[in-house]
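To start, the structure itself, in C-alpha cells.
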Amino acid sequence: MDVTNRAVAEVLAEISDLLEVHGENPFKVRAYARAAETVRHLSRPVEGMGKDELEALPGIGKAIAGKVAEIVATGTCQELVHLREATPPGLPALLDLQGVGPKTVRRLWKELGVIGTDDLEAAARTHQIRTLKGFGKKKEEEILRAIGAAKNASTRMRVTEAERLAEMVLSAIPGKAWVARSLRRGRSTIGDIDIVTLAPAAETVPVLTGIADEVIDAGEKKISVKIDQKRVDVRFSTSRDLGAMLLYLTGSKAFNIRLREVARTLGMRLNEYGLTDQTTGELMIFRTEDEIFTALGMSPVPPELREDHGEVDLALAGPLPSLVEAHEIRGDLHLHSEWSDGSMSLDKIALAGGSMGYEYILVSDHSASLGIAHGLDADRLARQHQAIKEVNRTSGSECTLLAGIEVDILADGRLALPDRVLQDCDLVIASVHSGFSQDKDVMTRRVITAIEKEHVDIIGHPTGRILGRRPPIALDMERVIDAAAENGTALEINASPSRLDLDDIYIKQAQERDVKLAIGTDAHAPYELTHIRHGVTLARRGWCGASAIVNTWSLVDLMEWCR
DNA sequence: GCCGTTTTCGGCCCGACTGTTTTCAGTCG
C-alpha cells in the first residue's frame, strides 16, 4: 500500500467537512481539519510511523492517530465510509457557497430536502427559502448570487496576476497602503487580495466602490469588493496600531490562532488592535509587528513562515533560522536564449545579467528532442558555447555567461545528449519535458536515473507542474530527495510564476537532508529575469538559508561544487 | 477530538458585518 501524506490529509479533511454538515461539535470539526493540515505539511511520510510517533504530532491524539493508521493500511477509514453513507453526496459542496455555512446547509437539507446545488437553486427560485424561520428575501437572493458566482468560479491567481491587481488597488487608494495575507506571505497562488491602509474610510470607500464590479460588504472598519471576479478586502488602520492590523491581516488563519493561544498563556488577548491585559483590561498598541512578537516573548517571524508549520514554537524558543535574501543571489541558473526557444541574444543576456548585478548567468537552452522548438544538437551546442566564450571576452559586462544545457530526460531515463557533450558544459540541468503521464514508479526511476548521471548538476522544475494547467508528474519525492542527497545533485527552485516548482514542503525536506537547491528563472525574455524574486520567496517559504542555495555562492565555489 | 508552567476536565481565537432580528445567530477571514 502506498498512501501519501496528501491522501491521508484529504481523508481527514473530508471527515471534517462531513462532520460539519452533520452539525457536530465545531471543535471536533476543527480537530480533524487541523490534523489534516498537520499531515499535509509533514516533512516525512506518515506511512511507516508508529502510533507513538503519530500521537506526538501537533493536533493528533489517540483517536486520530488510529484513523491515520487505518487510512495508511486500507486507503480509507470506516468513519469516513459511514459518514458518506449518511450524507447526500452533493451536500458538502454547498459549504463552498459564499454566505452558506454548516448551519444553513443542515437546515436546508432537513427542512427543505435540499441535497445539492440544483435543488438549492430551485428552492431559491420558487421562494421556498424565505419560508424558513430567520430567512428572508435577501438571504434567498444572496444564495442565488452565490450559486451564480460558483458557476463561473474563478480559479486562484498566479502571483504576477495578483500583483497586478494589488498594484491597481494600491494606486487607487488615497493614502499609504500595504499588501497582506497570502500575497505577502508569498504563496505560489493567490485566492484574493487583502490590503491594510491608513487612508480614511470616508475617502476610500467611494473610490473602491467606483472601480469594483460588486460590493460584498462595506462597514466603518473594512470594505470587501469584487474586481474581475476576485475578492479584494481593504482594512482601515492607523499608524499608531498598524502593527497588530498587519499581523492579523497577514495571517495565516492557523498562525493567527496559534499566536492568540500564545497570548492567552500570558494572560493577554490578541486581536487586530493590540494586546489586552485580561486582568486590567488595558490595551497595548504597537506600531510594528516586531514589537508584538517581542511582547509575546517570541523572535520575529518573517511573513513567509507564518503558516503554523512549527515556526511559532521555534520562535518562542529562540531566533528562527535566517532565510535567504534577494541580494544574496549572485546569478540566475536557468535561462533560454534565441539559440533555442528564447528571445534574447547572448549579448543581451550578458547585459541583462550585468544590470541585475549578477556575477554569472547559466545559459541553458533546450536539447534537441521532440516537442521543443529549435533544441540544440551536439554541433549547435558546441557552436553556441564558442559564441558564449566570445561574448565573455568582448561584452564588457561584469556578468560571466556559463555554457550550459537543459537536457531532456527521455522516457527511459537516458539523456538526450551523450556524456562526451555534457562533460564540456559548465553546468547541466536535466528536465522532464515529455511523457508526463508515466506511473509513479516508472517516473521516479526515470528521474533518479538522471540524478545518478555523472554530469547532471541540477534537476530542472522537478515536478513539471504548470499552475492551473498541468498537474505535477507522479514522483515519489522521498526517493528523489534521497537520491539527490546521495549523488550531490541539486534540485531546482524554478522561479517562473507559472511553475514555482519545487513546492515549499519539498524544499524544506530537501534542505533537511542537505540537498542543495538552485534558483532559476527559466527566463525566455529579458523582463523574466526579475522573476528571480519569486524563487527567493519560495525558498524562504521552504525555510532556506543562503548556504543551501548554490547560486548564492561565488563563481569559484559554484564551479568547484559542480566538478 | 485535542490538550495541560493554574487544568486529565473543561476549555477550545477574535472581531466585522449582515439579515432578520428587538438582542443575536451565522458566516467569514
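As a basis for the values below, the full set of heavy atoms in this structure was taken, side chains included, without hydrogen atoms, waters or symmetry mates. Proteins get letters first, then strands, A, B, ... in listed order; numbering begins at 1 in each.
Partners of Trp178(A) according to the ring pair (Phe, Tyr, Trp, His ring centres under 6.0 Å) rule, which considers only residues two or more places apart in sequence or in another chain, do not exist here. Judged as a salt bridge (Lys or Arg N to Asp or Glu O under 4.0 Å), and not counting sequence neighbours, the contacts of Asp194(A) are Arg181(A). Under the ring pair (Phe, Tyr, Trp, His ring centres under 6.0 Å) criterion, His22(A) pairs with Trp109(A), not counting sequence neighbours. Among residues two or more places apart in sequence or in another chain, the side-chain hydrogen bond (donor to acceptor under 3.5 Å, both in side chains) test is passed with Thr288(A) by Glu291(A). A search for side-chain hydrogen bond (donor to acceptor under 3.5 Å, both in side chains) contacts involving His127(A) returns Arg130(A), Glu140(A), not counting sequence neighbours.
Each ring pair (Phe, Tyr, Trp, His ring centres under 6.0 Å) pair with one or both residues in residues 263-284 of chain A, not counting sequence neighbours, would appear here, but there are none. A ring pair (Phe, Tyr, Trp, His ring centres under 6.0 Å) check over residues 34-82 of chain A, counting only residues at least two apart or in different chains, returns the pairs His41(A)-His309(A). Here salt bridge (Lys or Arg N to Asp or Glu O under 4.0 Å) pairs that include residues 464-475 of chain A, with residues two or more places apart or in two chains, are Arg465(A)-Asp503(A). Listed by first and then second residue, the salt bridge (Lys or Arg N to Asp or Glu O under 4.0 Å) pairs that reach into residues 203-225 of chain A come to none, sequence neighbours excluded.
Note on ring orientation: taking the six-membered ring where Trp is involved, the planes of Tyr527(A) and His531(A) are perpendicular (angle over 60°, cut-offs 30° and 60°).
In this structure, Ile143(A) atom CD1 and dG19(B) atom P are separated by 13 Å, rounded to whole Å. Atom CZ in Arg107(A) sits about 11 Å away from atom C1' in dA25(B), given to the nearest Å. Residue Asp217(A) contributes atom CG, which lies 9 Å from atom P of dG19(B) at whole-angstrom precision. One can place CG of Asp17(A) at 14 Å from P of dT27(B), the figure rounded to the nearest angstrom. In this structure, the CE atom of Met245(A) is 17 Å from the P atom of dG29(B), given to the nearest Å.
Within the 4.0 angstrom heavy-atom criterion, only backbone atoms of the sugar-phosphate kind lie near Val100(A); the bases stay farther away. Residue contacts shown for Ala35(A) are absent, as no nucleic acid heavy atom lies under 4.0 Å away. Among the heavy atoms of the strands lying under 4.0 Å from Leu97(A) are primed sugar atoms or P, OP1, OP2 only; no base atom is included. Among the heavy atoms of the strands lying under 4.0 Å from Arg231(A) are primed sugar atoms or P, OP1, OP2 only; no base atom is included. As judged by a 4.0 angstrom heavy-atom cut-off over every strand, Lys137(A) is placed among residues touching the sugar-phosphate backbone only. Note on Gln98(A): only backbone sugar-phosphate atoms sit closer than 4.0 angstrom, heavy atoms only; bases stay farther off.
A donor-acceptor contact shorter than 3.5 Å links the side chain of Thr197(A) to the backbone of Ala199(A).
Both Lys28(A) and Gly99(A) lie near DNA chain B, and the one whose nearest nucleotide falls closer to the 5' end is Lys28(A).
DNA chain B is contacted by no residue of residues 300-314 of chain A, taking any non-hydrogen atom closer than 4.0 Å. A heavy atom lying under 4.0 Å from DNA chain B marks the following residues of residues 55-65 of chain A, by number: Leu57(A), Pro58(A), Gly59(A), Ile60(A), Gly61(A), Lys62(A), Ala63(A), Ile64(A).
Defined by atom type and a distance below 3.5 Å, a donor-acceptor pair is present between the side-chain atoms of Asn494(A) and Asp522(A).
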Classify every nucleotide of nucleotides 6-15 of chain B by which part a protein heavy atom approaches to under 4.0 Å, writing B for the base, S for the sugar-phosphate alone and - for neither, in 5'-to-3' order. ------BBBS
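For Ser224(A) and dC17(B), the shortest distance from a side-chain N or O to OP1 or OP2 is not below 4.0 Å.
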